[in-house]
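A short write-up of the structure that comes next.
Everything numeric in this text was worked out from a predicted model, so none of it was measured. Just follow the structure's listing: the first ligand is 1, and inside any ligand the first atom is 1.
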Amino acid sequence: MVWSSLIALSLSAASLALQTSLLVQDEPAELFDVKVPVVLGVMSKCPDAIMCESVFDRVVSTVSDRIDFSLSYVAQLNESEPEYGVTCKHGPEECAGNIQQLCVAKYEPLSKWWEFVQCHNYQGREQIGKPDVALRCANTAKIDWEGSGIAGCVGSDVSGKTEEGIQLLKQSLKETRHLNVVKSCTVVINGYKVCVRDDYTWKECEAGHAPKDFIRQINEEYRRLNSDSNRLEDNDE
Ligand SMILES: *[C@@H]1O[C@H](CO)[C@@H](O)[C@H](O)[C@H]1NC(C)=O
């Protein structure tokens with residue numbers, strides 16, 4: 001027993017060292033960088049959110065390695081709701097769509113999760129939340145539905161009415177409240193609300209609302225977060 005666990009330990013230490021050296025060779029400067037938190041406050045069946053997410057498709061593909069990107073959902077906690085305990089503006093099917101996206105985000109890397117969300121949107125907002133659409137989009141994004149844990153998260157009827165799924169949605173609503181976000185879609189970069197898309201109109205977007213404007217703002221925050229003075233401040237704490 002002792003020998004075998006010693007061998008296992010040294011093997012895993014060796015493979016860790018190997019992985020680390022490979023990583024260092026690939027991206028020496030970016031290994032320990034600070035990513036910019038970027039959050040979109042959304043509702044899965046909201047046309048303004050779909051618009052926002054299509055603008056962000058260009059943003060994500062350009063700066064994916066510099067951001068810590070997530071969607072945070074806008075809905076109301078409501079004990080009287082029989083299905084989710086949450087009122088989603090566009091009905092229970094939107095709660096299902098939100099949870100499907102949250103489950104994919106939990107178990108898949110950014111690229112696959114984002115492809116899943118884009119596929120959802122491409123089907124049209126009436127389709128978002130339906131079980132067969134979720135499964136089709138999982139296929140499109142080459143997601144291992146069963147093996148990844150997503151199947152358990154959304155449940156066998158893909159409605160998201162599982163303990164895990166509902167928990168994820170309620171946790172997301174808490175984060176939305178923390179960010180002070182009430183409108184779908186709200187763009188939050190490093191904690192700052194920089195733009196809102198509401199009633200088919202861009203509002204409060206002082207630094208612009210095109211992909212290049214968000215990319216510029218993210219790059220600025222990235223430089224600030226990773227400047228030497230910030231690193232020293234971090235060390236002092
Ligand atoms: C809470 O849910 C009940 C039952 O669906 C609904 O009638 C009511 O309007 C909801 N309240 C809010 C504030 O959304």
Closest heavy-atom pair and its distance - F69, V60: CE2-CG2, 3.6 Å
Are any side-chain N or O atoms of K106 and backbone N or O atoms of C153, one a donor and one an acceptor, separated by less than 3.5 Å? no
Take V196 and V187, measure what side chain to side chain contact (heavy atoms under 4.5 Å, CB included) needs, and give me the verdict at the end. CA-CA 6 Å; V196 172; V187 181; over 6 Å; no
Are the gamma sulfurs of C46 and C185 separated by less than 2.5 Å? no
Which parts of the protein, at residue level, reach under 4.0 Å of ligand 1 through a heavy atom? N78, S80, E81, T87
Give me the other members of the hydrophobic cluster that V74 sits in, counting Ile, Leu, Val, Met, Phe, Trp and Tyr linked by side-chain heavy atoms under 4.5 Å, directly or via other members. V39, M43, L179, V181, V188
Between S44 and I128 the two heavy atoms that sit nearest each other are O-CD1, 3.3 Å
